[in-house]
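Heavy atoms only: backbone and side chains are in, while hydrogens, waters and symmetry mates are out. Below, read A as the first sequence line, B as the second, and so on, with proteins coming before strands; counting in each chain starts at 1.
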Amino acid sequence: MNKKISLGCLVLLMACGGGDRAQRTVIQNKGSDTLLNVAQAWAEAYSQINPNVAVAVTGGGSGTGISAMINGTVDVANASRTMGEEELEAARRNGVEPVEFVVGFDALAVFLHENNPIESFTVAQLKDIYGEGGSAETWSAFGTSVPGCGSDEIVRISRQNNSGTYAYFKEAVLGEDAEYKLGSRDMHGSKDVVDLVENTPCAIGYSGLAYETPEVHMPCIAVEEGGACVVPSVETAIEGSYPIARPLLMYTAGQPQGAVKEYMDWILSDEGQCIILERGYAPVREVSCT
Amino acid sequence: MDQRDRAWWTDRLVQALVFIGGISGIVFVVGIFVFVTKEGLGFVLNTLDIKEFFTSIAWRPTSSNPTYGALALIVGTASVTGLAMLVSVPLALGAAVYIGEFAKGKTREALKVLVELLAAIPSVVWGFIGLSIMSPLIIDLFDVPVGLNVLNAGVILGLMAAPIMTTIAEDALKAVPDGYREAAEALGATRWEVIWKVVIPAGKNGLVAAVLLGVGRGFGETMAVLMATGHSINIPTSPFDSVRALTATIAAELGDTSYGSDHYGSLFALGILLFTVTFIINLTADVVLRRTTRR
């Protein structure tokens, strides 16, 4: 992008004078790869609204972003987890008081074909299906038969192994050190998972809440047997009762000022929140988007 | 001095361009080989357990305790390519015999153009056909849970490899001198006997080369295979099992891998394997083809 701009300057010396560029504020934004595509979408949309501010977005992981924010090299850190005790300590030593913004939620729904009669799962049952060593291979193991699924086999649909969704589902459902059972169909996108579940009566998949379609249904999830079974929705993700949802965060060093404050306010406005919804995550509150 | 007019310079320029064009093939092959090796070799030598790579199916490069078993990927690629050859070899050889020996005039020209057109269909379109047409069809016909499997990818890949095989096989049949055919006919052979007992044995090397190039095409194909196999780490026991191909694994994972990490290196190790196998296949095809022309 920078290359393009400077090339443009060479060609059209008239168009971009030095004064024009000096006024342009650059907000450095770094961190979580889960948030990366949303952060890029925000940056892109914001450059249309406020051409004087450029937001430079890079990934690298939540930890990278947070330490860069503590060291003052970036203005805003993206994180898909809260800051740890050590990080807060490091920030205090640097005289930085991090301010946390919840900018959205990443709620993973379990998707089943519309024919599948199962209405609820416990986390342990999901682990039995997806986890290495889990015994659930057939739908009859859950006492059901799925119309249209003659083979009775549970067709596991998962994600490619470097997706944030893959990592989070593993952490939240299988546990930190557990592995996925091999042999799942590993799709390359959130939408592909739901598409395949739509066409496959035997299937089970997990993906972002926003990808729900009329041809699939999302069972409620209970943390343990007999516990409250929570339906995945934007509300349950916001109030924290849904067990496989995590807040998506942004951190600034101290209360944001000036252009950074305007940017954060815009992210939390309806316009910014509609962009996060578009990208498959839950917004922080109900928004109506066109 | 008087020689150096415009024509002289043009001559030099064209000479240089042709030379660059001529050696570019070598430069690119060597360049790609050096690049793939450079990115992957460090990982292969330092971290990779070669035995695990070839004997384990556990491909878990992003785990906290990573394992790099590529057996399922190798078997996946081999099974899809094998089935593709079962589909494409009879089709392609049949088409080549018909175009080369039976079809005349306009039919022949039309068929040749159509076969070349078939070869030009982008692989993502084939993948889309696998995903949206073949998959529901397979589910309906065979009553299996998932339509993205070895059968689907094998048929798609077979149809993709057939046109190039047809073109090369037809060239091989054309290279058989007419004198052979005339001599056989003079001996009273029927048309079928001429083709089966004279033309095909005489063009055998070219036909083998055509098949091998088809195998190379199948082995290296990525997009259609990524879309149609189901992308599942699995040793297939029937054509209805989902598998995962070497190429598809690289395509799906490389984009989000941090540069220089072990995962990055492991994908280049797969690349080295793929490059070696396709190189051997193409080299064999070339050697076989060369023997035909020398004769």
Side-chain angles (χ1 to χ4, degrees), chain A residues 33-34 36-37 58-61 64 113 115-116 131-132 137-139 146 148-168 170-171 174-189 192-193 195-205, chain B residues 56-69 71-73 76 127 131-132 135-136 138-140 142-149 223 226-238 240-244 248-259 261 263-264 266-267:
Chain A
D33 288 316
T34 310
L36 186 60
N37 63 353
T58 41
T64 322
H113 190 267
N115 286 357
N116 196 316
E132 172 100 314
E137 298 283 353
T138 58
W139 288 112
V146 181
C149 175
S151 66
D152 193 32
E153 175 198 346
I154 297 178
V155 173
R156 281 166 287 131
I157 300 172
S158 184
R159 288 292 307 280
Q160 88 274 13
N161 56 28
N162 48 19
S163 102
T165 312
Y166 171 98
Y168 178 61
K170 179 168 151 180
E171 177 196 317
L174 309 185
E176 201 64 61
D177 297 321
E179 299 288 354
Y180 281 99
K181 226 183 261 180
L182 293 170
S184 56
R185 273 77 175 173
D186 304 335
M187 299 291 114
H188 200 51
D192 298 348
V193 171
D195 281 351
L196 189 53
V197 175
E198 263 179 29
N199 300 323
T200 314
C202 300
I204 180 170
Chain B
S56 161
I57 68 162
W59 179 257
R60 289 190 174 115
T62 57
S63 165
S64 50
N65 182 20
T67 51
Y68 303 97
L71 181 66
L73 312 179
L131 211 56
S132 58
S135 167
I138 289 174
I139 293 174
D140 275 356
F142 301 102
D143 191 28
V144 288
V146 176
L148 302 175
N149 49 30
M223 204 57 218
L226 175 60
M227 293 166 82
T229 49
H231 207 53
S232 163
I233 296 177
N234 189 22
I235 301 276
T237 51
S238 89
F240 303 112
D241 283 347
S242 296
V243 292
R244 194 198 263 209
T249 302
I250 300 177
E253 293 176 13
L254 192 61
D256 302 316
T257 314
S258 59
Y259 175 82
S261 63
H263 188 192
Y264 181 87
S266 70
L267 293 175

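Contacts of A:Asn199 with chain B are made by backbone atoms alone, with heavy-atom separations under 4.5 Å and no side-chain atom involved. Of the two parts of B:Ile57, the backbone and the side chain both hold a non-hydrogen atom closer than 4.5 Å to a non-hydrogen atom of chain A. Of the atoms belonging to A:Leu36, not a single heavy atom falls under 4.5 Å from chain B. Proximity to chain B is limited to the side chain of A:Ser151, based on heavy atoms less than 4.5 angstrom apart. Contacts between B:Ala72 and chain A at a heavy-atom distance below 4.5 Å are absent for every atom of the residue.
A:Ile157 CD1 to A:Leu196 CG: the interatomic distance, rounded to the nearest 0.5 Å, is 3.5 Å.
When atom types are taken as modelled, the side chain of A:Thr200 and the backbone of B:Val146 share no donor-acceptor pair closer than 3.5 angstrom.
When all heavy atoms of B:His231 and B:Ala252 are compared, the pair lying nearest together is NE2-CB, 3.7 Å.
Between A:Tyr180 and A:Lys170 the shortest side-chain heavy-atom distance falls below 4.5 Å.
Interface summary for chain B: among A:Glu153, A:Glu132, A:Glu179, A:Arg156, the most heavy-atom pairs under 4.5 angstrom belong to A:Glu179.
By the 30° and 60° cut-offs, the orientation of the rings of B:Phe240 relative to B:Phe142 is tilted.
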